[in-house]
Asks: 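Just passing along the structure, written as structure tokens.
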Amino acid sequence: MDSQTSQSSQASQSPHTFQVDLRGLVDLLSHHLYSSPRVYLRELLQNAVDAITARRAEQPDAPARVRLYAEGGTLRVEDSGVGLTEADVHNLLATIGRSSKRADPGGIQEARSEFLGQFGIGLLACFVVAERIRVVSRSARTPDAPPVEWTAADDGSYTVRTLPDAARPEPGTTVHLVARPGAGEWLTEERVLALARDFGSLLPYDVRVGDEAVTDLPAPWNRPYPSPATRRVALQRHCHDLFGFTPLDSIDLDVPLAGIRGVAYVLPSSVSPAQRASHRVHLKGMLLTERAEQLLPDWAFFVRCVLDTDSLRPTASRESLYEDETLAAVREALGERIRSWLTGLAAGDPERLAAFLSVHHLGVKSLARHDKEMLRTMLPWLPFETTDGQLSLEEFAQRHPVVHFTRTVEEYRQVAPIASAQGVGVVNGGYTYDSELIEALPSVRPGTVVAELDADTVTAHLDSVDPAEELALAAFLGAARAKLDPLGCDVVLRAFHPLSVPALHLDDRAARHEQARAEAEEQADDLWAGILGSLRGSAPRARLVLNHLNPLIRRISSLEDRELIGTATESLYGQALLMAQRPLRPADSALLNRAFIGLLEWATHSDPTEPTEDGRR
């Protein structure tokens, strides 16, 4: 009994082999691993290039040719590479998932570390467009071995046989594809040539489609040119052909330790920092991806780059980069190249720098937030909106002992005209990154005083009205305050310039927070209102500052009709909100409408207390 149990246990533990549904695997490749069927040609080119590389490692003077011939829904790819024996065919082509890096140390796999793809899927990618694949190969390592033929169909079946010497007299491999129904367009000569040039323009070997050359070496950034101006024009043309725009400038990306050489092109128009930039990356000459998003630091969103590398690691689909320490180091090194270009412009070519910053100041500000050296370098150049016009922080700080700033655009619009008239300089810190840079100013410019401008500071710079005159207007101010009190706004009388401004609406974030809390409390049920009431703050309320120097305010303050004073006050309040370009609450919109109708009624009736046609007063 124990013996039977033991035998049964051993039987249940015996290993089993996975059964692979090739059609299902092809569907997985085409719909999930690869972004497009176009990658089939990259795999064919990669296999051919790897084969030549392997042969030249042992025979440096061996021919290095790849030829592609497309006709009538078929494609033939010939290479002068290392070739295969029958044993190699069984080992590499017929075993799905076998990685050439994991087996046969010292053998063909080791010599061709990228043979048939890094991840062992080999020619399976070709089944995305082909229903049948035929490979004829002859080994350069074993000259006496006969040519071998491997034929496979997309149903998972394959055959292997040896051929007479005449079938392939020279070492190398020929791959024949027959298009699957509906995929014939991928095997046309025009499409094959376009794909080959896109993927293989930087390959180090002689690659042709028919008689048309595919490779275009050396790369545009590596070619010798008669002069810097000639090189600049050539790179501009290359950028236009590749990305569709003429760059403001080009930046060499040369990182020898990482095996990287390429160029970054500066966009001629501004883009959103949130927009992910796409870059073209070649791996050992083969185009890996044209949508590499993680290649550069986030702040470098103003460039598009193309480069060739032999150090970065591709993902399984070989269509993007694997995020690892090497990529992080490369990203930092490339960012340093772009940073050096910026500092070089600041030191030696201010006109080009000004042209660049007029378009891409946001990207430089993003960088300067975290890089004090960059902030120090760019201080004389980065533009900011101020009450003195568009100025750099350096120039503004030279003019004003205190650098006042607002955190929002709305706050700036409220106070800018008034502060300017009072001689108070203000910087608009409401745009992206600006307030952070303003607050960092003392760290790179010792002695600079930076202060956030609030309603109290503005009010303090406005001239007070003579106490006797303000006392004489007590009834008017009382009526005005009573009208705006439900809106959470006080009324203050001051004298300030410009005279054309009748009223100024001032508040700060704390006041707006308290106002929002009070509104929520009014609309809430008893329980929630109690909670909100407990959160009541001591922040000052918003203020409507009336300009005693303005003729309109003087006429309104002389009115005796309390209702008309209230309507006029509401009108001044609404106009001040509109001048500050503040978003209107429903209560503010209702107030503006009520005040407008009230003023029309007053203007069209000699006695505003007289009933109108519909009975309203």
Side-chain angles (χ1 to χ4, degrees), residues 387 410-424 426 455-456 458-507 511 541-585 587-610 617:
T387 49
E410 290 79 9
E411 289 173 353
Y412 178 80
R413 287 169 178 164
Q414 286 183 81
V415 303
I418 309 304
S420 179
Q422 311 307 311
V424 179
V426 184
D456 288 333
V458 176
T459 306
H461 280 82
L462 305 181
D463 294 334
S464 298
V465 178
D466 181 85
E469 292 187 43
E470 188 168 359
L471 182 62
L473 299 176
F476 161 72
L477 292 174
R481 287 167 180 155
K483 197 66 175 179
L484 296 187
D485 183 69
L487 296 174
C489 183
D490 292 332
V491 177
V492 179
L493 188 65
R494 291 289 187 273
F496 56 87
H497 293 272
L499 301 179
S500 58
V501 178
L504 175 66
H505 182 270
L506 293 177
D507 65 358
R541 304 205 305 171
R543 271 163 274 185
L544 182 67
V545 184
L546 302 180
N547 187 0
H548 187 56
L549 301 180
N550 180 267
L552 176 62
I553 295 299
R554 287 182 174 273
R555 287 196 296 271
I556 293 175
S557 63
S558 65
L559 294 174
E560 296 181 359
D561 187 330
R562 194 175 180 85
E563 288 296 321
L564 185 55
I565 290 174
T567 299
T569 302
E570 287 182 331
S571 300
L572 291 169
Y573 174 83
Q575 188 262 354
L577 287 180
L578 294 175
M579 289 296 293
Q581 300 185 39
R582 289 285 306 278
L584 300 180
R585 301 169 296 165
D588 297 329
S589 299
L591 173 145
L592 278 171
N593 183 63
R594 183 172 63 248
F596 179 71
I597 297 299
L599 289 176
L600 283 179
E601 289 182 347
W602 177 83
T604 54
H605 293 81
S606 58
D607 183 1
T609 61
E610 236 178 61
R617 293 182 179 273

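Nothing fancy with the numbering, it's 1 onward along the sequence.
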Asks: With side-chain contact (heavy atoms from CB on, under 4.5 Å) as the criterion, how do Phe496 and Val545 come out once you've worked through the C-alpha distance, each side chain's angles and the decisive distance to 0.1 Å?
Replies: CA-CA 10 Å; Phe496 56 87; Val545 184; 3.8 Å; yes
Asks: For Ser571 and Ala595, work out which heavy atoms get closest and say how close.
Replies: OG-CB, 3.3 Å
Asks: Give a yes or no on whether the backbone of Val426 and the side-chain of Thr387 come within a donor-acceptor separation of less than 3.5 Å.
Replies: yes
Asks: Heavy atoms only: give me the nearest Thr569-Leu544 pair and the separation to one decimal.
Replies: O-CD2, 4.3 Å
Asks: Given Leu572 and Ile553, is the side-chain contact (heavy atoms from CB on, under 4.5 Å) satisfied, shown in steps?
Replies: CA-CA 9 Å; Leu572 291 169; Ile553 295 299; 3.6 Å; yes
Asks: Run the side-chain contact (heavy atoms from CB on, under 4.5 Å) check on Leu504 and Asn547 step by step: do they pass?
Replies: CA-CA 8 Å; Leu504 175 66; Asn547 187 0; over 6 Å; no
Asks: Sequence neighbours left out, cut at 3.5 Å: what donor-acceptor pairs do the side chains of residues 465-472 make with other protein atoms?
Replies:
residue : atom : partner : partner atom : Å
Asp466  : OD2  : Ala468  : N            : 3.0
Asp466  : OD2  : Glu469  : N            : 3.4
Glu469  : OE1  : His548  : NE2          : 2.7

Asks: Rounded to the nearest 0.5 Å, what separation is found between the SG atom of Cys489 and the CG atom of Leu591?
Replies: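 With rounding to 0.5 Å, SG (Cys489) is 10.0 Å from CG (Leu591).
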Asks: Check side chain to side chain contact (heavy atoms under 4.5 Å, CB included) between Gln575 and all other residues, then give those that pass, not counting sequence neighbours.
Replies: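 Checked Gln575 against side chain to side chain contact (heavy atoms under 4.5 Å, CB included); matches are Pro502, Met579.
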Asks: Going from OG on Ser558 to CD1 on Ile565, what distance comes out if it is rounded to the nearest 0.5 angstrom?
Replies: 8.5 Å
Asks: Measuring from Leu546:CG to Arg554:CZ, what's the distance to the nearest 0.5 Å?
Replies: 12.5 Å
Asks: If I compare all heavy atoms of Arg494 with all of Ser464, which pair ends up nearest, and what's the gap?
Replies: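 That would be CD-CA, 4.1 Å.
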Asks: Name the atoms and distances for all side-chain donor-acceptor pairs under 3.5 Å in residues 473-488, with sequence neighbours left out.
Replies:
residue : atom : partner : partner atom : Å
Arg481  : NE   : Val491  : O            : 2.9
Arg481  : NH2  : Val491  : O            : 3.1
Asp485  : OD1  : Arg541  : NH1          : 3.4
Asp485  : OD1  : Arg541  : NH2          : 2.7

Asks: So which heavy atom on Thr604 is nearest to which on Leu600, and how close?
Replies: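 What the structure gives for the nearest pair is OG1-O, 2.8 Å.
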